[in-house]
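Heads up: the structure comes next, in structure tokens.
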Amino acid sequence: MAVLVLVDHDGAAVTQPTRSTVAAAEKLGEVHALVLGPKAAAEAAAKLPGVAKVLQSEAEQYAHGLAEPIAALLVALAPNYSHLLAPASAAGKNVMPRAAALLDVQVISDIAGVVDADTFVRPIYAGNALATVKSADPKKVITVRAASFDPVPAEGGSAPIEAAPAADDPGLSQFLGAEIVKSERPELTAARIVVSGGRAMGSAENFHIIESVADKLGAAVGASRAAVDAGYAPNDHQVGQTGKIVAPDLYIAVGISGAIQHLAGMKDSKVIVAINKDEEAPIFQVADYGLVGDLFKLMPEFEAELGKK
Amino acid sequence: MKLLVPVKRVVDYNVKVRVKADGTGVETANVKMSMNPFDEIAVEEAVRLKEKGVATEIVAVSAGPAACQEQIRTALAMGADRGILIEHDGVLEPLAVAKLLKAVVEKEQPQLVILGKQAIDDDMNATGQMLAALLGWPQGTYISKIEPADGGLKITREVDGGLETLQLKLPAIVTTDLRLNEPRYASLPNIMKARKKPIETVKPGDLGVDVTPRLSVVKVEEPPKRQAGKKVGSVQELVEKLRNEAKVI
């Protein structure tokens, strides 16, 4: 039986976490991609190597990612699929447990490994333990931790695009509006380099120190939960157990002590740099390169040094 | 409006958990237990809605061993009116908890259930969505704001890249994100008062719910450990290492 992937897209391109989800799904069977949105997004999904078929719907009820109609659609499509997968993004985490409950199966959240068709590895306790779990449910509903799977390339495939059947719209909720911050910087979960600031940044204004180094490196900007709690950075910048999980080539933690819940979000990064004035800070226990000192002195120096070739 | 607030007993967020030597789970004996932090935010929001006159009664419910009474008492001390303990000693997965809560909802008839978005033990992020599905109610997950509007609720959700606003019909399910509020500490007089508030105990069987787990744990292991690296003496040395040794910039 085939495997269905619910695609995250921006109206045109498919997100990198979706491409990682396709990589996970390929281990389970022939991959069909469900695109709720415009033709351009369906065409982008059709180009992903490993996708055998794209199902597309532009119906208004799916346009804003509302969980109730999308879960109903997944349930309508479910008889044709052994596994239903989505990235563990805000969208996927919202919809997939609802679909799972309607199908009377236990959702398997945030998988970091596929052992076989029934058995998956997932982090628990903020990634301080890895559980291998075997599902007894006849169908599996899964969200995928993108950082744990190398994404399939964006180009190379040419799958046919078919219309997805329409399911009933329960009409329980209504989209009123969104404030999405448009940024020139790469998306946090897809960036090759991430520069994050912690509580030691001291204010929202001081975060520009992080931003200007990030821009020098072509990096995304992240933040610790403490910095988000203090109002220095928006919540969608949060890296950690309850925020985003990232695994870039280079992660630079600035003024971040390294609480368990923050480490949960970044400890799979290839190279970690910590800049902190407290040399006992736990972040240094996971950092490949540590620099002890005052970030307000070191960061401008760092930026200047990056400018030199 | 009557509110239901489920609270989960979890290993305290300050505890560094240890994987059991036999690989069957993590060590929970003699470990400090607390209310799941996102559930504290849920209780706080319920209490604020009551203080604003939106809510009339708050029922705190917890599913798990008898010791979950401690977490229900915490909710009562924060301002919930009464508690329900669904006593069960084995594993309870989100689907089973959602089924138990559905049975409680059908009996109690709340207009709104406020849950934490995620428990910090199993990190499933599922119970609220599953309960909404089973009840056929709308869901507002990861909320940072909630207000009554047009006979329903206007909620602001934390999503990737920013915020979105939805209108939900009532009855509804919402799950809390970090920035919804900052939970209060219960005062001593309120802790004393909470001791007199009633807690009813029921069993999954009384509610007619089969809680058999769907997932079996094959093994639990420690993640690969990261080695601490080296300290560098200067920014110049750091940039040199990143360029020539790690080759990441």
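Just so it is clear: chains get the letters A, B, ... in the order the sequence lines come, proteins before strands, and each one is counted from 1. The model shown is predicted, which means the values in this text are computed figures rather than measured ones.
- Within the 4.5 angstrom heavy-atom criterion, only backbone atoms of A:A287 (N, CA, C, O) approach chain B.
- Considering only heavy-atom pairs separated by less than 4.5 Å from chain B, the leading option among A:N94, A:D110, A:V107, A:D288 is A:N94.
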Salt bridge (Lys or Arg N to Asp or Glu O under 4.0 Å) for A:D137 and B:R214? Distances and angles first, verdict last. CA-CA 6 Å; A:D137 284 320; B:R214 307 297 183 84; 2.7 Å; yes
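- There is no contact between B:S144 and chain A, counting heavy-atom distances below 4.5 Å.
- Judged by distance alone, the side chain of B:R226 and the main-chain N or O of A:K267 form a donor-acceptor pair under 3.5 Å.
- Across all their heavy atoms, A:L291 and B:V232 have their closest contact at CD1-O, 3.4 Å.
- In this structure, no portion of A:H237 lies under 4.5 Å from any heavy atom of chain B.
- By the 4.5 Å heavy-atom criterion applied to side chains, A:K134 and B:L215 are not counted as neighbours.
- Neither the backbone nor the side chain of B:A98 comes within contact range of chain A; no heavy atoms are under 4.5 Å apart.
- Between chain B and the residues A:E187, A:K244, A:M96, the most heavy-atom pairs under 4.5 angstrom are made by A:K244.
- Interface remark: of the candidates B:R18, B:E158, B:Q227, B:Q167, B:Q167 forms the most heavy-atom pairs closer than 4.5 Å to chain A.
- There is no contact between B:K225 and chain A, counting heavy-atom distances below 4.5 Å.
- Contact annotation for A:V273: only side-chain heavy atoms (C-beta onward) come within less than 4.5 Å of a heavy atom of chain B.
- Ranking B:S216, B:G229, B:P94 against chain A, the residue ahead of the rest is B:S216, based on heavy-atom pairs under 4.5 Å.
- Top candidate by heavy-atom pairs under 4.5 Å with chain B, chosen from A:R192, A:R225, A:K270, is A:R225.
- Of the atoms belonging to B:E240, not a single heavy atom falls under 4.5 Å from chain A.
- Of all the listed residues (A:L102, A:D104, A:L66), the one sharing the greatest number of non-hydrogen pairs under 4.5 Å with chain B is A:D104.
- Side-chain N/O atoms of A:S135 and A:Q106 include no donor and acceptor closer than 3.5 Å.
- For OH of B:Y13, the number of neighbouring non-hydrogen atoms (other residues, nucleotides, ligands) closer than 6.0 Å is 12 at most.
- Comparing B:L168, B:L134, B:V26 by heavy-atom pairs within less than 4.5 Å of chain A, the highest count is held by B:V26.
- Looking at B:D150, its side chain never comes within 3.5 Å of a backbone N or O of B:G152 through a donor-acceptor pair.
- Chosen from A:G65, A:A91, A:A178, the residue pairing most often with chain B at heavy-atom distances under 4.5 Å is A:A178.
- Atoms CD1 and CG, on B:I120 and B:D12 in that order, are 7.0 Å from each other to the nearest 0.5 Å.
- Residue contact with chain A, scored on non-hydrogen atoms closer than 4.5 Å, involves the backbone and the side chain of B:V248 alike.
- Put simply, the side chain of B:T175 gets close to the backbone of B:Y142: a donor and an acceptor are under 3.5 Å apart.
- Of the inter-residue distances, the one linking B:D177 atom CG with B:T156 atom OG1 reads 12.0 Å to the nearest 0.5 angstrom.
- Residue with the most contacts toward chain A among B:E93, B:K154, B:M124, B:K16: B:M124 (heavy-atom pairs, distance under 4.5 Å).
- Comparing A:V95, A:D249, A:I180, A:N235 by how many heavy-atom pairs each has under 4.5 Å with chain B, the most go to A:N235.
- Rounding to the nearest 0.5 angstrom, the gap separating the NZ atom in B:K117 from the CZ atom in B:F38 is 4.5 Å.
- Between chain A and the residues B:E164, B:K169, B:M130, the largest count of heavy-atom pairs under 4.5 Å involves B:M130.
- Only the side chain of B:L238 comes within contact range of chain A, with heavy atoms under 4.5 Å apart.
- Interface residue B:R157: only side-chain heavy atoms are found under 4.5 Å from chain A.
- Heavy atoms closer than 4.5 Å to chain B are found in the side chain of A:Q238, but not in its backbone.
- Side-chain contact check for B:M78 versus B:E44: some heavy-atom pair is nearer than 4.5 Å.
- When each of B:I155, B:D122, B:V19 is checked for heavy-atom pairs under 4.5 Å with chain A, B:D122 comes out on top.
- Only the side chain of A:T119 comes within contact range of chain B, with heavy atoms under 4.5 Å apart.
- Remark: side-chain polar atoms of B:R9 are paired, donor with acceptor, to backbone N or O of B:A67 under 3.5 angstrom.
- Between A:D8 and A:S89, the side chains place a donor N or O and an acceptor N or O closer than 3.5 Å (distance only, hydrogens not considered).
- When heavy atoms are compared at a cutoff of 4.5 Å, B:V15 approaches chain A solely by way of its backbone atoms N, CA, C and O.
- Contact of the B:D39 side chain with the B:V10 side chain is not registered, since no non-hydrogen atoms from C-beta on lie closer than 4.5 Å.
- B:L170 does not touch chain A: none of its heavy atoms, backbone or side chain, sits under 4.5 Å away.
- In summary, the side chains of B:E245 and A:Y289 do present a donor paired with an acceptor at a separation below 3.5 Å, with no hydrogens or angles considered.
- Only the side chain of A:E68 comes within contact range of chain B, with at least one heavy atom under 4.5 Å from a heavy atom of that chain.
- With hydrogens and angles disregarded, a donor-acceptor distance shorter than 3.5 Å links the side chain of B:D123 to the backbone of A:A126.
- For chain A, the nearby parts of B:E221 are the backbone and the side chain; heavy atoms of each come within less than 4.5 Å.
- In this structure, the portions of B:V159 lying under 4.5 Å from any heavy atom of chain A include both its backbone and its side chain.
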